[in-house]
Every structure is written in structure tokens, then in C-alpha cells.
Amino acid sequence: MAELYEVIMGTGMRRGEALALHWTDVRLEDRVLFVRYTLSNVDISRPVFSAPKTRSSYAWIALSDRVVAALPRQRDRQHVQRLTAGGAYVDRDLVFTRRDGQPLRPEYVVRQFHRLTDTAGLPRIRVHDLRHAVAVVASRTVT
């Protein structure tokens, strides 16, 4: 999950946008990615890909050194998952997946995040708050 959180913090993407990110929308050599979809759950069980929340969400996002380093680690992790899952792995071209290649469930991402912050003794915040933190930091560095 570290790479997922790194991408969210490093890009300001919404959780659903990061979960719906496809490898074909990542251009590491150009240090950019394109937001094309968002992932949400219907009835808390069925993942659905849809258009991003706003029209301006369809966008190319520049990637920091940390995000550029995180994405190959994620690709390597997926390669191992593919090998260990054998024929059970479903390749949907998603960057962040469960061990079998299926999309991560948004509520799982939240539970894992809360477990990490609790273990670290940090205040409980929402995954979405990472997006707000990026906006605050970016606004302070622009001046």
C-alpha cells in the first residue's frame, strides 16, 4: 500500500482516481500520468469504473521523483503477484490491485490507512485528506 499512498500524496489524486489508474495511462519516461477513470463500489461490493468527479479531473499530472520511483516498485510487486497467483491472476492493466489482479476495494484502502496511522500514533485522518495536504503544500511552495 505504500506505493499507492505515495502516488496519492505525490500527485494529489483522489483515492478512486488512483485505484482506477491503468498502466497505459502512466508514462514514466515523460514523468506524467493521465487521469481517465475513477473507481467506486456499488453496494459496497461491486467495483465500477466511471468518469472522474469533475471535467477538470481529466488531466495529465506531472510526477515527482518519489512517484517515479514508487511506480516501478509497484510494477515489480505486481509481477511477483502474477507469478504466485498463476492462472488465478486477472490482468486488467490496473496499477494497484489485490493479489489476484482484481481492483482494490476503496474501503480496504481506508482501513489499511487507518491501521497504519493508528500504529504510528498519528491522528486519524481520511485518505482524502492526503489530497488536501498536497494542495496546501503546493500553494505554499508557489510563492
Side-chain angles (χ1 to χ4, degrees), residues 1-54 56-86 88-142:
M1 300 301 287
E3 283 73 22
L4 171 62
Y5 302 131
E6 187 74 54
V7 168
I8 291 172
M9 288 185 295
T11 62
M13 294 173 77
R14 291 177 178 88
R15 176 188 64 198
E17 293 168 350
L19 294 178
L21 184 62
H22 288 70
W23 285 111
T24 53
D25 294 325
V26 175
R27 295 190 183 163
L28 285 177
E29 64 281 356
D30 296 326
R31 301 176 61 92
V32 296
L33 61 78
F34 190 72
V35 175
R36 190 178 315 269
Y37 304 104
T38 190
L39 176 74
S40 57
N41 274 339
V42 174
D43 303 327
I44 310 175
S45 62
R46 193 172 30 132
V48 175
F49 292 92
S50 58
K53 186 175 180 179
T54 65
S56 64
S57 294
Y58 287 101
W60 287 101
I61 298 176
L63 304 178
S64 68
D65 291 340
R66 291 179 64 137
V67 173
V68 168
L71 288 168
R73 287 194 307 267
Q74 178 61 20
R75 185 178 289 152
D76 292 345
R77 182 173 291 111
Q78 273 187 331
H79 179 70
V80 170
Q81 288 172 338
R82 220 177 260 114
L83 292 175
T84 57
Y89 191 90
V90 178
D91 190 354
R92 296 178 177 225
D93 189 45
L94 291 171
V95 174
F96 301 104
T97 64
R98 295 186 291 188
R99 294 183 196 282
D100 61 359
Q102 296 295 332
L104 282 170
R105 294 186 177 180
E107 67 277 3
Y108 174 78
V109 172
V110 171
R111 277 196 317 273
Q112 291 297 100
F113 183 71
H114 287 161
R115 191 168 68 182
L116 287 170
T117 56
D118 291 347
T119 300
L122 297 170
R124 187 168 274 208
I125 63 171
R126 302 170 302 155
V127 173
H128 192 74
D129 292 329
L130 297 175
R131 173 180 167 82
H132 294 278
V134 169
V136 168
V137 170
S139 70
R140 290 183 180 170
T141 58
V142 171

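- Relative orientation of the Phe49 and Tyr37 rings is perpendicular, given thresholds of 30° and 60° on the angle between their planes.
- The distance from the OG atom of Ser40 to the CZ atom of Arg46 is 10.0 Å, given to the nearest 0.5 Å.
- Across all their heavy atoms, Leu39 and Pro106 have their closest contact at O-CG, 4.3 Å.
- Between Asp25 and Asp93 there is no side-chain heavy-atom pair separated by less than 4.5 Å.
- Rounding to the nearest 0.5 Å gives a distance of 12.5 Å between CZ of Arg75 and CD of Glu3.
- Within the 4.5 Å cutoff, the side chain of Leu94 has heavy atoms near those of the His22 side chain.
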**OP:** Decide yes or no on side chain to side chain contact (heavy atoms under 4.5 Å, CB included) for Thr97 and Arg92, but give the supporting numbers first.
**Re:** CA-CA 9 Å; Thr97 64; Arg92 296 178 177 225; over 6 Å; no
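- Other residues, nucleotides and ligands place more than 12 heavy atoms under 6.0 Å from the CZ atom of Arg73.
- You'll find the side chain of Phe113 reaches within 4.5 Å of the side chain of Ile125, heavy atoms only.
- In this structure, Glu6 contributes its side chain and Arg66 its backbone to no donor-acceptor pair below 3.5 Å.
- Across all their heavy atoms, Thr117 and Arg124 have their closest contact at OG1-CA, 4.5 Å.
- Residues Gln78 and Trp23 have side chains in contact (heavy-atom distance under 4.5 Å, counting atoms from C-beta outward).
- Rounding to the nearest 0.5 Å places CD1 of Ile8 at 9.5 Å from CD of Glu17.
- To the nearest 0.5 Å, atom NE2 of residue His114 and atom CZ of residue Arg111 are 11.0 Å apart.
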**OP:** Take Glu107 and Asn41 through the test side chain to side chain contact (heavy atoms under 4.5 Å, CB included) and record every step on the way to the result.
**Re:** CA-CA 9 Å; Glu107 67 277 3; Asn41 274 339; 2.9 Å; yes
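- When atom types are taken as modelled, the side chain of Asp30 and the backbone of Val32 share no donor-acceptor pair closer than 3.5 angstrom.
- For Phe96, the ring pair (Phe, Tyr, Trp, His ring centres under 6.0 Å) criterion is met by no residue, not counting sequence neighbours.
- Environment of CZ in Arg31: crowded, with over 12 heavy atoms of neighbouring residues, nucleotides or ligands closer than 6.0 Å.
- Counting heavy atoms from C-beta on, the side chains of Leu63 and Leu28 come closer than 4.5 Å.
- Contact between Gln81 and Arg98 at its shortest, heavy atoms only, is OE1-O, 3.9 Å.
- Taking CD from Gln74 and CG from Leu4, the interatomic distance works out to 8.0 Å, rounded to the nearest 0.5 Å.
- At a threshold of 4.5 Å between non-hydrogen side-chain atoms, the residues Thr24 and Arg36 do not count as touching.
- The closest side-chain heavy-atom distance from Val67 to Val7 is below 4.5 Å.
- Rounding to the nearest 0.5 angstrom, the gap separating the CG atom in Leu21 from the CG atom in Leu71 is 7.0 Å.
- Side-chain N/O atoms of Arg115 and Gln112 include a donor and acceptor closer than 3.5 Å.
- Counting heavy atoms from C-beta on, the side chains of Thr84 and Tyr89 never come closer than 4.5 Å.
- Between Tyr58 and Ala51 the shortest heavy-atom distance is OH-CB, 3.0 Å.
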